[in-house]
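Report on the structure given below.
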Amino acid sequence: MADTTLFTPLRLGSLSLPNRVIMAPLTRARTPDSVPGKLQQAYYGQRAGAGLIISEATNISPTARGYVYTPGIWTDAQEAGWQQVVEAVHAKGGRIALQLWHVGRVSHEMVQPDGQPPVAPSALKGEGAECFVEFEDGSAGRHPTSTPRALETDEIPGIVEDYRQAAVRAKRAGFDMVEVHAANAYLLNQFLATGTNQRTDRYGGSVENRARFPLEVVDAVAEVFGPDRVGIRLTPFIEIFGLSDDEPEAMAFYLAEQLGRRGLAYLHFNEPNWAGGDVTFPEGFREQMRERFGGSLIYCGHYDAERAQQRLEENTADAIAFGRPFIANPDLPERLRLGASLNEPDQGTFYGGGEQGYTDYPFLDNGYDHRA
Ligand SMILES: Cc1cc2nc3c(=O)[nH]c(=O)nc-3n(C[C@H](O)[C@H](O)[C@H](O)COP(=O)(O)O)c2cc1C
C-alpha cells in the first residue's frame, strides 16, 4: 500500500478505476420535470475524469421524494434521460454509479402523491428538518417537513421492490454500478438509527432487526447488478434532520460484516462532521471497518489531496470522494495530480437554476479544451 496514491488504479468490486478520486453524490436540483437532460449530460460529461462518478441522489418512486427538481428513476422518460447521461460519461472515458434514494420522513405532503404524509419507520417528525417544496405561486424553497406515518410491516416488501425496479432501470440505462443511499438521515438511515426507529416488529429493536430492511434492499439491488457492482453510503455518528442514534458503532460493525459476507463492492462513509460540528469517528473505527469488511472503503468529507493521501497511506481508505471541490472543479483529478489551484464553489448556486454554477466552472487553462 505504501506506493498507493490517488492516481493508482483501483479494482472496485468488478470495476476498474483509473484513479481513486471519486466524485461524491451531489444533489443539484436542476431537473424540474425529474428527467435528466442535456444540462446533466454536459455536467457529468465534464467530470468524466473521476475514478468513479456517483450520481446525485435519485428518487426510486414518487413517495421517495422530499425535494422538488431532483431526478427520478421510476419512469421510462427518466430512464431514457439517464441513459443519455451515462452515454455522455462513457463517451469521455468515465464510469458512473446511480445513487438510489428514498427520503423517508424528510418530506412534506406538498411533495408527496395525493398530498399524503411521508412514510418512515415510526411516526416521528424530524426536529428542525427541512425539505424543498414548490409553493402555489410557482416559487420553490425550503420548508419544514411533515409528521410522517409509520410504514406497516406488510408495506416494506413493496418498497424493497421499488428499489429493485429502480436497479433494473439503472442497469438498462447502462450505469456501471449503483450506490444504496443509507446515509444522511434519509429512509434507510432512519431504520438503522435508534432515535428514528421505534418499531416493535421484525424491522425494529435489535441491531439485527433495524438493519433488516436496508439489507433486504441491498440484496434486491445486488440480485440485479451483482454484489460486486453495488456500494452503500453510510453516516454513522451523524446527527442531522433530528436523527439521533444510541448505537452507531455497533450498527456499523454489524453492517460491515454482513455486507462483507455478501461481497459488496464498497462501503462509502461520509465523515460525521461533513456538514459542520466537531463529531468525528471514534478511535480505531476506520481500522475496524478494514478488519470487518473485505471490499473497498471510501471516505468523504473535507478532504484535500494531502489528507486523502494520508488515509491511503495509513491503509484505512482505498479511495476518497470529493463533493464541493467537484462542484467547482470539473477537472479535479487533474488539478490534484498537478498540485494546481482549485476554483472555489459558489454556495448560492448549489441547488436549482441552470448552467450558472453548474457547467460554467473553468477547466485548467493548460492549452487543452477538455470540453471538446
Ligand atoms: C450541494 C450538495 C449536495 C449534496 N447531495 C448529496 C446527495 O445527493 N447524496 C449524498 O449522499 N450526499 C450529498 N451531499 C454530501 C456530499 O456527497 C459530501 O458527502 C459532502 O459534501 C462532504 O464532502 P466535501 O467536503 O468534499 O464536500 C451533498 C453535499 C452538497 C454540498
Side-chain angles (χ1 to χ4, degrees), residues 6 20-31 34 36 40 43-44 47 50-60 64-73 96-104 106 130-132 142 177-190 192 214 231-238 240-241 243 266-277 279-281 298-308 311 317 319-329 332-333 335-336 342-353 356-358 361:
L6 281 174
R20 295 161 187 245
V21 181
I22 310 288
M23 178 174 165
L26 293 159
T27 291
R28 305 303 308 278
R30 280 168 166 83
T31 52
S34 78
Q40 284 67 37
Y43 166 75
Y44 284 111
R47 286 156 179 78
L52 175 70
I53 293 172
I54 303 169
S55 80
E56 65 207 273
T58 298
N59 303 292
I60 58 158
R65 297 171 73 224
Y67 299 76
V68 292
Y69 310 155
T70 55
I73 185 78
I96 180 166
L98 183 70
Q99 192 186 46
L100 300 176
W101 195 25
H102 191 310
V103 299
V106 187
E130 288 183 327
C131 55
F132 204 76
R142 293 180 184 278
M177 282 192 152
V178 283
E179 178 174 282
V180 174
H181 193 348
N184 295 351
Y186 296 118
L187 183 67
L188 298 180
N189 199 173
Q190 291 158 27
L192 296 174
I232 189 168
R233 196 165 215 223
L234 299 168
T235 41
F237 307 99
I238 205 162
I240 57 171
F241 297 157
L243 178 136
Y266 69 84
L267 300 186
H268 181 183
F269 289 99
N270 205 2
E271 302 275 344
N273 61 354
W274 81 266
V279 182
T280 53
F281 288 125
I298 304 174
Y299 285 87
C300 181
H302 293 299
Y303 280 93
D304 57 19
E306 198 181 327
R307 294 186 52 232
R311 290 269 179 261
I320 298 295
F322 297 82
R324 287 159 286 200
F326 249 119
I327 290 180
N329 297 276
L332 184 68
R335 285 178 191 253
L336 296 181
L342 301 184
N343 304 319
E344 284 299 318
D346 166 27
Q347 283 200 35
T349 49
F350 275 5
Y351 303 104
Q356 196 200 342
Y358 193 53
Y361 283 105

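Order of appearance sets the numbers: ligands from 1, and atoms from 1 within every ligand. What you see is a predicted model; the values in this text were computed from it and never measured.
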### Message
Tell me which residues fall inside the under-4.0 Å heavy-atom shell around ligand 1.
### Response
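Only Ala24, Pro25, Leu26, Thr27, Ala57, Gln99, His181, Asn184, Arg233, Asn270, Trp274, Cys300, Gly301, His302, Phe322, Gly323, Arg324, Pro325, Phe350, Tyr351 have heavy atoms that fall under 4.0 Å of ligand 1, ordered by chain and number.
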
### Query
With sequence neighbours left out, what residues match Arg28 under side chain to side chain donor-acceptor pair (under 3.5 Å)?
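Residues passing side chain to side chain donor-acceptor pair (under 3.5 Å) with Arg28: Tyr43.
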
## Note on the structure
Applying side chain to side chain donor-acceptor pair (under 3.5 Å) to Asn273 and not counting sequence neighbours gives none

### Query
Does the side chain of His302 pick up a donor-acceptor pair with the side chain of Glu271 at under 3.5 Å?
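Absent: no donor and acceptor within the cut-off.
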
### Task
Could you pull out the closest heavy-atom pair between Pro25 and Ser55, with the gap in Å?
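Minimum heavy-atom separation between Pro25 and Ser55: CB-O, 3.2 Å.
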
#### Entry: Closest heavy-atom pair and its distance - Trp101, Ala64
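Closest approach of Trp101 to Ala64, heavy atoms only: O-CB, 3.5 Å.
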
### Query
For Pro214, what residues pass the side chain to side chain contact (heavy atoms under 4.5 Å, CB included) criterion, not counting sequence neighbours?
Leu188, Phe191, Leu192

